Amino acid sequence: MTSMPQQAQANGTLLWHASDTEEVLANLGSGPEGLSALEIATRLSRHGPNCLPEPPGRGLLARLRGQFENLLILVLIAAGAVTALLGHWMDSGVILAVVVLNAAIGLWQEGRAESALAGVRRLLSDTASVRRAGRRESIPATELVPGDIVLLEPGDRVPADLRLIEARGMRAQEAALTGESAAVDKDADPVPEDAPLGDRRSMAFSGTLVASGRGTGVVVATGPRSEIGRIGALLGGVEPTATPLLRQIDRFARRLTTVILGVCLLVFGYAVGFGGYSREDAFFAMVGMAVAAIPEGLPAVITIALALGVQRMAARRAIVRRLPAVETLGAVTVICTDKTGTLTLNEMVVRRVVTDPNAPAVEIGGEGYAPNGEVEGNQAAVAALARTGLLCNDAHLRQDKSGWRVEGDPMEGALLALAGKIGLDAATERAAHPRLHEIPFDAAWSYMAVLTDGTGGAMLHVKGAPDRLLPYCAFQPGPDGAVPIDREAWAARIEALAASGHRVLAFAVKPVAASGEIGHADIGGLRLLGLAGFIDPARPEAVAAAADCRRAGIAVKMITGDHALTALAVAAELGLDTRGGALTGREIEAAKDADLRRMAREANVFARAAPEHKLRLVEALQAEGHVVAMTGDGVNDAPALKRADAGIAMGIKGTEAAKEAARVVLTDDNFASIVAAVREGRTIHDNIRKVIAWNLPTNGGEALVIILAILIGLPLPITPIQILWINMVTAVALGLTLAFEPPEPGVMARPPRRPGAALLDAEMIWRVALVSVLFGLAVFGLSAWVTARGETLAYARTLSVDLLVVMEIFYLFSVRYLHMTSITLTGLLGTRAVWFGVALAVASQLLFTYAPPLQAVFDSRPVAPADGAVVLGMGVALLLVLEAEKMLRRRWRAPARLQGDPDSRRIRPR
Ligand code: ATP
C-alpha cells in the first residue's frame, strides 16, 4: 500500500491514518527535524497541555451518603429516634450530634486519605522523547503539541496520538484502548479510511504501550482530543483499591457489630425479665452497650494510617501505585534487585583496557565522564578499540555547570570519555564513518553492532558481553595484521577483569564487502580488538541498606545481566552473602522446578540473567514460602513484576511498561529506598495493630461495665450518652495519634512477620481481654468506693467517665510500644501527635467535668481534687501493671524461644 487518495479528509481535517506521511507532516506544519521553539510555544497556548482532565471525584452528597452506610450509625439513628419518641430530648440530641460529628470526621478523614493519594499520583508524571529543532530531548509528556516528533522505544507509553512516520519491528499493546490484549504490528503505511481503531496500524495511540521495536511519529492529537481522551479513560494512576487488611478489618467490624447487637438483645431480655428493669431503662442500657462495644472509629483510623504511610513512603522515594503493596512491603522476606543503577551508582568509567592477552592491562586515568585522563601503553591499539566503542554507540556527552554528563547509556558515555582521552573526537569520527545500518543492543544477544562506511570501505563494529562475543571471534591483532585468536588467553583475561569487580565489554570488527543491511547471521569471523573493564562504584547507602536487611531477616538477591564473576565481586563489596556462588541464566533455564527452588534459596547472585529468568525465580521463591519484592525496568520485566508480591519499578531508568506492571515505583532507582519502604511498611502494620490494640479494650471495658451492672442489678455506672462522649473524645483525640507513630526502635531488627498471620494473634487477644477486664474492674471498684462514701450516682458516674478517659490515655502510652517496654524516657516523652491528642482529651474532660453547659447535657458533677488524684493514680497503676505484664511475658518467652522457638518466623512452603 503506497499512496492513499489525497482526499482522505473528514470535516476539513486529514484522516491521519489514511494519509501519506508527507501529507500529514505538511498538514501539521512539521518535518522530521521537529518544531521550532517559537512554534511550540504558540501551539501550546492554542492547544493547551497534553493531559486528560482529572476525573470528577465523588460528589459531596455521595460521600456523605457513604458515611451513613454503616451499621453502627444506623443503630445510633434508630436509638436517637426512639429516645426522642420517649421524650428524652437531651439524650436524643446528643446521639444525633454524635452521628453528625461522626459523619463529619469520616468525611474529613476520607478527604485527607484521598488527597494523600492524589498527591502521590502527581509524582508519577510521564516523559516523552522528542526531536525538536533537530535535537533529541526528553520533556514532560504534558508539554507535547501537535506536530511534535516523538521517538518511541520498547516499554514506552505512547504520550499522545501519533501518526507513525517510521517504524522498525514495532508492536504496540493497545489493551487500554481497544481491549485487545495481544500486541499489534505497527508500520508507517497508510491504512484504508474506514479501518476500525484496532486496525489503524499507521497510528500509535496515546496511553498504549510499545511492546517491542522502535518508531518515530508525529503528534496529531493531544490531551482530551486523543482517542483515549475521548473515551475518558484514566491511565497509569494510583489505584485506590482496598487492601486485604482493610477488607479483613471491615469484615471483622461488621461481624462484631452483629454479635454485639445479638448480645444486646439477650441483655435486654434478661434486664426486663429478671433484672427488674423497666423497658425504658433496659432500652437505654442496651443502647449504651451497643454504643460502648462497637469500634466505630476503627476503619476510618486505619484508612488514615495507610494513607499516611503512603505519603511517608513517597517521601522516602517509593511511590505506591497499588495500596496492598503497603502491606506486602512490610512482610517482604526476600528482595530480588537489579545491580546496575540500583545497587551501584551507574556511573561508569573505563579503568582498564586489554588489547593483547599476554601483555599487562593499560591503565586509564581521569574521573567521571570528562574526556581527559592519562592513557599508558599501546596507544594505537587502544585507539582502535576506542574508535569501535565510539562508533558502536548511541550516547552523547555534554558539559554543563555541574561537569560532564552523559545522555544515554552510562556505559556508552564512558566509552566516549575513553575515546576523548586517546584523542578521538566523536563528531569527527562519526562524520568520517557514517552509520549504514545497525543491530540495536538486545539483552538476549548481549551485543550491539553497527555497519559504517569510511575511506577503508564498509566495516562492521561490534561491542558486547565478552563471553558471548568470544565464540564469534576468529582473529586478534598481531604485529603484522590479524592472527588466529588465542581464546584461552582471552578467556583468562576476561575472568581476571571480572573477578576484580570490573564490568567487561569486548570489542570486535570485521571488514565487509557489501554495504547493505546486517543481521545476527553476519556476526562471525570477527577480529577481537580487546576488552575494556568498567568500574561502577557501589552506592554507599546500599551497603548500609543491605546490612539492615541482614538484621531484619530479609534475604537480598542480586539479579544481573552481567558476568558471574563481576556480579560476585560487586556482591561481596556490598556485603551480600556470596557463599552460595552465582547461578547463571543458563543454569536457571536448565533447572527443573524442584531443583530451582533449592538453587534459588541457596544462591544470592544470579548472573547473565534475562527478564524471563526473573519470572521463574519469583515463582521458585514464592513456592518456598517467601514474600518476594522484585525490581525491574525493562518491558520484558513486566511479567515478573506482576507476579512478585511487591513488584518495584525504577522511576528513572524504568520503562512505562515496567511502571505499569509494578505496585511500587522508586523515584531514585536506589536500593536503599526499597529498604526504607520496607521499614515504612513494617511501621504501618505495627501502627494498625496498635490502633486495634488500643481501640478494642476501650470498647470491651465499657461493654463489660454495663453488662456486669445489669447482671448484678446495679444502676448503670455510666450512661449511654456518657459512653458516646468517651468514644468520640478518645477515638478522635487519642486513637488517631497512633496512626502518626514513628517506627519503633528495632523495627528492622526483627524477622519479617509470618505471611498470612492473623492480625489479632493470641498475644493481642490476650491483651484485649486483660485490658478490658482491668478497665471494667477499675470502674466498678471506683464506683463502689465513692457510692459507699455516700456520694451521688451522678458524681460516681462523672468519676467513672474521668477514670475511663485517664486510663485510655495511660494505656495509649503502653500500646505505643508493642515490642518493648514503654517506660523509657523517649517512650514517656511521646511524640507531638501524642501530646496534642492528650492535651485535647484532657481539655475536653475538664470541660466535661467542670463546665456548666456540659454538666447540664451529661449530668456530670465537679470532681473534688482528691478524687481527681485517685483517678490519676489508677491510670499510673494501670500503666505499671501492663508494663510489668509485658516484661514478664517477654522473660517467660525468652527461654522458650531458645528451646523450641515457637515464635520463629521460619518460612514454610505455601
Ligand atoms: P544489571 O542487572 O547489572 O543492570 P543488566 O541486566 O542491565 O545488568 P544487560 O543490560 O542485560 O544487563 O546487559 C547484559 C550484558 O550485555 C552486559 O553485562 C554487557 O556485557 C552487555 N551490554 C550491556 N549494554 C550493552 C550495550 N549497550 N552494548 C553492548 N553490550 C552491552
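Worth knowing before you read on, the calculation uses all heavy atoms, side chains too, and leaves out hydrogens, waters and symmetry mates. Everything quoted here is computed from the prediction, not taken from an experiment. Whatever order the structure lists ligands and atoms in, that order sets their numbers, starting from 1.
Remark: minimum distance from atom 6 (O) of ligand 1 to any protein heavy atom is reached at G561 N, 3.1 Å. Scanning all protein heavy atoms for the shortest distance to atom 7 (O) of ligand 1 gives R503 NH2, 4.2 Å. Among all non-hydrogen protein atoms, the one lying nearest atom 11 (O) of ligand 1 is A443 CB, 3.6 Å. Protein heavy atom at the shortest distance from atom 3 (O) of ligand 1 is T340 OG1, 2.4 Å. Of the protein's non-hydrogen atoms, M411 CE, 3.4 Å is the one closest to atom 24 (N) of ligand 1. With hydrogens left out, the protein atom closest to atom 10 (O) of ligand 1 is F441 CE2, 3.7 Å, a heavy atom.
The side-chain contact (heavy atoms from CB on, under 4.5 Å) test with L528 is passed by exactly one of P466, P357, P477, C473: C473.
Contact atoms of ligand 1 toward K463: 26 (C), 27 (N), 28 (N), 29 (C), 30 (N) (distance under 4.0 Å to a heavy atom of the residue). Atom numbering of ligand 1 starts at 1 in the shown order; those under 4.0 Å from a heavy atom of D409 are 27 (N). The atoms of ligand 1 that sit less than 4.0 Å from any heavy atom of I559 are 2 (O). Annotation for ligand 1: atoms under 4.0 Å from non-hydrogen atoms of G464 are 29 (C), 30 (N).
H520 and W445 have parallel rings, their planes meeting at less than 30° on a 0 to 90° scale where 60° marks the start of perpendicular.
Of the charged side-chain nitrogens involved, none lies within less than 4.0 Å of a carboxylate oxygen, so that D453 and R435 do not count as a salt-bridged pair.
For a threshold of 3.5 Å applied to N or O pairs, the pair formed by L505 and ligand 1 contains no separation below that value. Residue contacts with ligand 1: R608 is placed with a nitrogen or oxygen under 3.5 Å of a nitrogen or oxygen of the ligand (distance criterion only). Note: no N/O pair closer than 3.5 Å links Y447 and ligand 1 by distance alone. Residue-to-ligand polar distances keep H563 apart from ligand 1: every N/O pair is separated by 3.5 Å or more.
Around CD of E137, the count of heavy atoms belonging to other residues, nucleotides or ligands within 6.0 Å exceeds 12. Within a 6.0 Å radius of CZ in F441, more than 12 heavy atoms belonging to other residues, nucleotides or ligands are found. Atom NZ of K653 is surrounded by more than 12 heavy atoms from other residues, nucleotides or ligands within 6.0 Å.
With sequence neighbours left out, the salt bridge (charged side-chain N to carboxylate O under 4.0 Å, His left out) criterion links D522 to no other residue.
Expressed to the nearest 0.5 Å, how far CG of D669 lies from CG of L345 amounts to 11.5 Å.
When non-hydrogen atoms are compared, ligand 1 lies under 4.0 Å from neither the backbone nor the side chain of T344.
A donor-acceptor contact shorter than 3.5 Å is absent between the side chain of R493 and the backbone of V354. Side chain of N372 to backbone of K421: no donor-acceptor contact under 3.5 angstrom is found.
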